[in-house]
2 protein chains.
Amino acid sequence: MKLTSSEENYIKAVYHLRGDQRLVSTNELAELLATRPASVTDMLKKLRTKKLLQYERYQGFKLSAEGKKMALGIIRRHRLWESFLSEKLRFNWDQVHDVAEQLEHIRSSLLIDRLDEFLGFPRFDPHGDPIPDPQGKMQVSRHLPLDECPLLTFAIVSHVTNQSNQMLEILGHHRIAIGTKLEVRRKFHYDHSLEIRIRNQPAIVISEQVARNIHVKPV
Amino acid sequence: MKLTSSEENYIKAVYHLRGDQRLVSTNELAELLATRPASVTDMLKKLRTKKLLQYERYQGFKLSAEGKKMALGIIRRHRLWESFLSEKLRFNWDQVHDVAEQLEHIRSSLLIDRLDEFLGFPRFDPHGDPIPDPQGKMQVSRHLPLDECPLLTFAIVSHVTNQSNQMLEILGHHRIAIGTKLEVRRKFHYDHSLEIRIRNQPAIVISEQVARNIHVKPV
DNA sequence: AAAATATTTTAGATTAGCCTAAATTATATT
DNA sequence: AATATAATTTAGGCTAATCTAAAATATTTT
């Protein structure tokens, strides 16, 4: 089945709202896509006739098996392109997303499978997210937000959920990026701020708010 | 100025009809784009208001300086992607076009300039066509059809104008592809067929019709 | 130069994807 | 349970890009 770019964006967004496991609401999806609820309703009807999701008016919706497969295909393409941009074209991790967002809509299994091979079949993209294989299978990565990370354990920054400029400013200031190895030294119970250490540099303190948006993978 | 994919396709097609040098007609363009003359007229008006081409009703049209610059940008992207697909992803030269046709519409100078660099600033694509630089300049390649190639001179196949299945069948049979080095041994005046030799293999004969569609670059 | 033909444009529809405003249904509050 | 509020859908419009059929203009033929 062929989908338009717009249809693909909706399917992908539903998946990101965990629409393969739970009912998603019209407003949630509208907000994520920066569109209007009325537009979402229109598209839902179209995607329902294509059997990509189950949808009853006023009751929310979730992906069908077929829809989930589609979503994983789109995500596979997106993450492979992110890896390409990052590794081969030296994009910064905050530059990859927008371009990958466009590249992901080019459907050609020859292209994608060859790209996968060219990159050496990577299992994670530069943000630390797993890349589905051609059948949609992917490794579970046990990421966790930094504020839940055990004390005195080394971990690698794998993902940053909030990518606002303000957040990027803080990360840049502390020289925290994807792949940075760090250790949580102490937790202050008063405001839930954390003291962390990056390599042998002096320890720094970050707020709970920041810590919650930094995901790490213990090593 | 931002153009839609459709607008880009029109601009590129006008350029391919040499619309930077001469007046192009509505029907010509409609045929090349496999669309209807009425649709062409609609688009011409739009592109005229964007000052990408000069157009007087019933009088034909040609690219403005700005329009030509746009066309060269699109062609640059197309040919760089063709090079990538061919060199890095091992696409056959007849597989690259359709995918490059989609990739070319992604506008990001970071992407394109980094891709150019990654490929080592190639000056010709896998079909032997020159790749414009960021300013739109490109090398003139003195291609000529095989039937005009001087005798007993080595030349490299750089381009095939007719890419029909029948043509591909013949080329495949004789193992002629882009990059193949060959020599014209003899011209038969009776039917203008040619005897050619590829490396040390036995000489073969090809018809004038085939020879005219194979372009080569003498070395 | 008039008639016939070919080309091009206009007029009016269609589809996808979006929108606003109003109506409907569900949920929360009193 | 009735009412108020929030969420969702419907109704009706808009734009871009296409189409067909008819009208306008240009070109060719006689």
Side-chain angles (χ1 to χ4, degrees), chain A residues 1-15 17-19 22-63 67 70-71 74 101-102 104-107, chain B residues 1-15 17-19 22-63 67 70-71 74 101-102 104-107:
Chain A
M1 178 165 9
K2 283 189 312 216
L3 300 187
T4 65
S5 293
S6 190
E7 288 170 330
E8 286 195 339
N9 285 336
Y10 276 87
I11 289 292
K12 187 177 58 148
V14 176
Y15 182 87
L17 292 169
R18 306 193 317 289
R22 62 180 263 269
L23 285 175
V24 176
S25 80
T26 303
N27 272 359
E28 269 182 289
L29 187 51
E31 198 194 357
L32 182 58
L33 289 170
T35 184
R36 297 298 176 166
S39 309
V40 171
T41 302
D42 285 349
M43 186 59 93
L44 289 175
K45 289 188 201 157
K46 189 143 72 97
L47 295 174
R48 177 176 52 187
T49 69
K50 295 194 176 189
K51 301 203 193 298
L52 296 175
L53 44 78
Q54 290 139 339
Y55 161 60
E56 291 291 337
R57 64 209 272 275
Y58 294 106
Q59 305 304 307
F61 44 90
K62 59 186 303 198
L63 292 173
M70 284 276 156
I74 300 159
E101 199 76 3
Q102 302 187 250
E104 74 186 6
H105 296 299
I106 295 171
R107 278 168 304 278
Chain B
M1 177 166 10
K2 283 190 312 215
L3 301 186
T4 64
S5 293
S6 190
E7 288 169 330
E8 287 195 338
N9 285 336
Y10 276 86
I11 289 292
K12 188 178 59 149
V14 176
Y15 182 87
L17 291 169
R18 305 193 317 290
R22 63 180 263 271
L23 286 175
V24 176
S25 79
T26 304
N27 272 0
E28 269 182 290
L29 187 52
E31 197 193 357
L32 182 58
L33 288 170
T35 183
R36 296 298 176 166
S39 310
V40 171
T41 302
D42 286 348
M43 186 59 93
L44 288 176
K45 290 188 202 156
K46 190 143 70 98
L47 294 175
R48 177 175 55 187
T49 70
K50 296 194 176 188
K51 301 203 193 300
L52 297 175
L53 43 78
Q54 290 139 334
Y55 160 61
E56 291 290 336
R57 61 208 274 276
Y58 293 107
Q59 305 303 307
F61 44 90
K62 60 185 302 198
L63 292 173
M70 283 277 157
I74 301 160
E101 199 76 6
Q102 302 187 249
E104 74 185 7
H105 296 300
I106 296 172
R107 278 169 305 277

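Excluded from the calculations below are hydrogen atoms, water molecules and symmetry mates; all remaining heavy atoms, backbone and side chain alike, are included. Naming convention: chains lettered A, B, ... in sequence-line order (proteins, then strands); numbering from 1 in each chain.
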| task | Select one nucleotide: of C/dT25, D/dA21, D/dT18, the one nearest the side-chain heavy atoms of B/Ser6. | result | D/dT18
| task | Provide, to the nearest angstrom, the distance between the CD atom belonging to B/Glu31 and the P atom belonging to C/dT7. | result | 11 Å
| request: Would you indicate which nucleotide in D/dT9, C/dC19, D/dC19 comes nearest to any side-chain atom of B/Asp42? | output: D/dC19
| request: Quickly work out the A/Arg36 CZ to D/dG12 C1' distance and round it to whole Å. | output: 17 Å
| request: Give one of base, sugar-phosphate or nothing for B/Tyr55, where a contact means two heavy atoms less than 4.0 Å apart. | output: sugar-phosphate
| Which heavy atom of B/Gly19 sits nearest a heavy atom of B/Val24, and at what distance? | CA-CG2, 3.6 Å
| Nearest-neighbour nucleotide for the A/Asn27 side chain, D/dT18, D/dA7, C/dA21 considered | D/dA7
| Just checking B/Thr41: base, sugar-phosphate only, or nothing, at a heavy-atom cut-off of under 4.0 Å? | base
| message | Side-chain N or O of B/Arg57 versus OP1/OP2 of C/dT7: is the shortest distance under 4.0 Å? | response | no
| task | Round to the nearest Å and state the distance from A/Leu23 atom CG to C/dT27 atom C1'. | result | 16 Å
| request: Classify the side chain of A/Tyr58 versus the base of C/dT24 as yes if they form a donor-acceptor pair under 3.5 Å and no if they do not. | output: yes
| message | Does a side-chain N or O of A/Thr4 approach OP1 or OP2 of C/dG17 to a distance below 4.0 Å, or not? | response | yes
| task | For side-chain contact (heavy atoms from CB on, under 4.5 Å), just list the numbers for A/Ile106 and B/Ile106, CA-CA rounded to whole Å, side-chain angles, deciding distance to a tenth of an Å, and then say yes or no. | result | CA-CA 10 Å; A/Ile106 295 171; B/Ile106 296 172; 4.0 Å; yes
| Considering all heavy atoms, the nearest A/Thr26-A/Pro37 contact | CG2-O, 3.6 Å
| query | Considering heavy-atom distances to DNA chain C, does A/Glu7 or B/Lys45 have its closest nucleotide positioned more toward the 5' end? | reply | B/Lys45
| Of the listed nucleotides C/dC19, C/dT8, D/dT8, the one nearest the side chain of A/Ala38 | C/dC19
| query | To the nearest Å, how far apart are A/Asn9 CG and C/dA16 P? | reply | 17 Å
| said: Mind checking if A/Tyr10 touches a base, just sugar-phosphate, or nothing, with heavy atoms under 4.0 Å? | reply: sugar-phosphate
| Which is true for B/Gln59 with a 4.0 Å heavy-atom rule: it touches a base, it touches only sugar-phosphate, or it touches nothing? | sugar-phosphate
| field | B/Glu7 vs B/Met70, side-chain contact (heavy atoms from CB on, under 4.5 Å): CA-CA, chis, key distance, verdict | value | CA-CA 10 Å; B/Glu7 288 169 330; B/Met70 283 277 157; over 6 Å; no
| field | A/Met43 side-chain proximity, nearest of D/dA21, D/dT10, C/dC18 | value | C/dC18
| Candidates C/dA16, D/dT9, D/dA7 - which lies nearest the side chain of A/Lys46 | C/dA16
| Under 4.0 Å between a side-chain N/O of B/Ser25 and OP1 or OP2 of C/dT7, yes or no? | no
| task | Measure from CD on B/Glu56 to C1' on C/dT7 and round the result to the nearest Å. | result | 17 Å
| remark: Rounded to whole Å, the CG-C1' distance (A/Leu44 to C/dC18) equals 14 Å
| query | Is B/Lys12 paired with B/Glu101 through a side-chain N to carboxylate O contact shorter than 4.0 Å? | reply | yes
| said: side-chain contact (heavy atoms from CB on, under 4.5 Å) for A/Asn9 and A/His105? Distances and angles first, verdict last. | reply: CA-CA 9 Å; A/Asn9 285 336; A/His105 296 299; 3.0 Å; yes
| said: For a quick check of understanding: with a heavy-atom distance under 4.0 Å over all strands, which category does B/Ser39 fall into, base, sugar-phosphate or nothing? | reply: base
| Rounded interatomic separation in angstrom, taking CG from B/Leu29 and P from C/dT7 | 15 Å
